[in-house]
Amino acid sequence: HLMVTSPPYYNAREYSQWKNLFNYLNDMYQINLKSYNSLVEGCVFFYNIGDIFYNENTIVKSKMGEKRIALGAYTIFLFQKAGFKLIDNIIWYKGEPQSNRHKNDGNYSPYYQRPANCYEHMFIFKKGNTLRLNSEVSENKLNSNIIKFTPVFKIGKGGINRYGHTAPFPQEVPLLSITCFTNKGEIVLDPFSGSGTSPITASKLGRNFIGIELNKEYAELSLEKAKEQSVSAKLIS
């Protein structure tokens, strides 16, 4: 009844590496097709993604090939090609960016400084012509096109949070979508579950949940996190 995720960004983390941008976009498109087939008619995929600065590795493979890659624009194209309709773009305003990667070690030459975005997109893609909403209107937390909340702070060695995941996302992301687009007892799925933020949030809101995670270490980590928050969950491999 709802899909919500923040996918791996192209070559932004050690666990999300592709030979080139074409390979990445193809993998995301294949997942979009399966997601479309899995969703109930009138339901949505709530998709959080930001633009990145990297080398597409499609033409120039040297350092000079680095540039800002508009993952948001590519995402819209791939979802529409898979059959989805874009019905809204919620802007997650993150305030002061935590990243220092844009500072280029203080060197202005030979490469330009690249400002880090203070926002990410939260796209809402719909399947079909109808739109299913939460019948309990008072539960809805999604009431603006610009939402400000703080990213997960990284306080451990190497920027790793206490759950051991290098890129966890805040529970506000699944919270906004679950309270707006689902009713109690319905099924929420996160195809890139990571440390389990979406499934755990869904469970605490009275929804059933499924999280899909390729990395077994992260999947086991999500069970620990669920247990800490008194959420009943099991790992099916």
Side-chain angles (χ1 to χ4, degrees), residues 1-7 28 31-50 72 75-76 78-80 82-94 119-152 168-213 222-223 225-234 236:
H1 301 97
L2 169 71
M3 288 187 173
V4 53
T5 200
S6 184
M28 295 302 108
I31 289 168
N32 292 348
L33 289 173
K34 292 178 173 61
S35 300
Y36 187 86
N37 291 335
S38 300
L39 270 174
V40 172
E41 186 82 8
C43 293
V44 306
F45 198 146
F46 197 87
Y47 199 87
N48 162 228
I49 194 162
T75 293
I76 294 174
L78 294 177
F79 267 90
Q80 290 179 335
F84 286 92
K85 297 176 182 178
L86 175 65
I87 61 171
D88 219 333
N89 177 17
I90 309 300
I91 297 299
W92 168 15
Y93 173 47
K94 304 168 74 171
Y119 69 91
E120 291 191 10
H121 302 281
M122 294 186 288
F123 293 121
I124 303 175
F125 296 102
K126 180 184 70 169
K127 175 180 178 178
N129 296 318
T130 59
L131 179 62
R132 299 174 82 259
L133 297 169
N134 187 352
S135 58
E136 295 294 334
V137 179
S138 60
E139 290 183 357
N140 180 29
K141 306 293 185 185
L142 185 56
N143 51 25
S144 174
N145 276 81
I146 300 177
I147 308 289
K148 182 175 182 177
F149 51 85
T150 305
V152 175
F169 72 152
Q171 69 171 1
E172 282 89 348
V173 174
L175 180 71
L176 292 172
S177 59
I178 292 167
T179 59
C180 184
F181 297 107
T182 68
N183 294 281
K184 285 184 171 62
E186 294 185 333
I187 301 172
V188 177
L189 186 144
D190 186 338
F192 299 103
S193 189
S195 57
T197 301
S198 294
I200 292 170
T201 304
S203 178
K204 293 169 77 171
L205 292 170
R207 277 68 170 171
N208 295 309
F209 64 90
I210 302 169
I212 300 173
E213 176 50 49
S222 66
L223 291 185
K225 188 175 172 182
K227 186 177 180 180
E228 286 182 16
Q229 300 188 44
S230 301
V231 169
S232 177
K234 64 179 179 180
I236 304 172

* For Asn32, which residues count as a side-chain contact (heavy atoms from CB on, under 4.5 Å) partner, sequence neighbours excluded? -> Leu78, Phe79, Ala82

* Asked: For Cys43, what residues pass the side-chain contact (heavy atoms from CB on, under 4.5 Å) criterion, not counting sequence neighbours?
  -> His1, Leu39, Val40, Arg132

* To do: For side chain to side chain contact (heavy atoms under 4.5 Å, CB included), just list the numbers for Leu205 and Val188, CA-CA rounded to whole Å, side-chain angles, deciding distance to a tenth of an Å, and then say yes or no.
  => CA-CA 11 Å; Leu205 292 170; Val188 177; over 6 Å; no

* To do: Apply side chain to side chain contact (heavy atoms under 4.5 Å, CB included) to Tyr119 and Ile146, showing your working.
  => CA-CA 10 Å; Tyr119 69 91; Ile146 300 177; over 6 Å; no

From [atom1] ([X]) to [atom2] ([Y]), nearest 0.5 Å:
X: Tyr93; Y: Ser144; atom1: OH; atom2: OG; result: 13.5 Å
X: Ile212; Y: Lys34; atom1: CD1; atom2: NZ; result: 11.0 Å
X: Ile210; Y: Ser193; atom1: CD1; atom2: OG; result: 10.5 Å
X: His121; Y: Thr75; atom1: NE2; atom2: OG1; result: 8.5 Å
X: Leu131; Y: Cys180; atom1: CG; atom2: SG; result: 7.5 Å
X: Ile147; Y: Asn145; atom1: CD1; atom2: CG; result: 8.0 Å

* To do: Take Thr197 and Lys225, measure what side chain to side chain donor-acceptor pair (under 3.5 Å) needs, and give me the verdict at the end.
  => CA-CA 9 Å; Thr197 301; Lys225 188 175 172 182; 3.0 Å; yes

* Could you go through the side chain to side chain contact (heavy atoms under 4.5 Å, CB included) check for Phe209 and Leu189 one step at a time? => CA-CA 6 Å; Phe209 64 90; Leu189 186 144; over 6 Å; no

Over all atoms of both residues, closest heavy-atom pair of [X] and [Y]:
X: Gly194; Y: Ser222; result: O-CB, 4.1 Å
X: Thr5; Y: Phe45; result: CG2-CE2, 3.6 Å
X: Ser35; Y: Phe84; result: C-CZ, 4.1 Å
X: Pro7; Y: Ile49; result: CG-CD1, 4.0 Å
X: Asn208; Y: Gly185; result: ND2-O, 2.9 Å
X: Glu213; Y: Phe192; result: OE1-C, 4.1 Å

* To do: Report the relative orientation of the aromatic rings in Phe125 and Phe123; use parallel for angles under 30°, tilted for 30 to 60°, perpendicular for over 60°.
  => tilted

* To do: Decide if atom CG of Asn129 counts as having more than 12 heavy atoms of other residues, nucleotides or ligands within a radius under 6.0 Å.
  => no

* Aromatic Tyr36 / basic Lys127 pairing, under 6.0 angstrom, 45° off normal -> yes

Hey, is the main chain of [Y] close enough, under 3.5 Å, to the side chain of [X] for a donor-acceptor pair?
X: Asp190; Y: Gly211; value: no
X: Ser177; Y: Pro174; value: yes
X: Thr179; Y: Lys141; value: yes
X: Ser6; Y: Asn48; value: yes
X: Asn183; Y: Ser135; value: yes

* **Working for side chain to side chain contact (heavy atoms under 4.5 Å, CB included), residues Arg207 and Lys184** => CA-CA 5 Å; Arg207 277 68 170 171; Lys184 285 184 171 62; 3.5 Å; yes

* Asked: Do Asn140 and Asn134 come within less than 4.5 Å of each other through their side chains, counting heavy atoms only?
  -> no

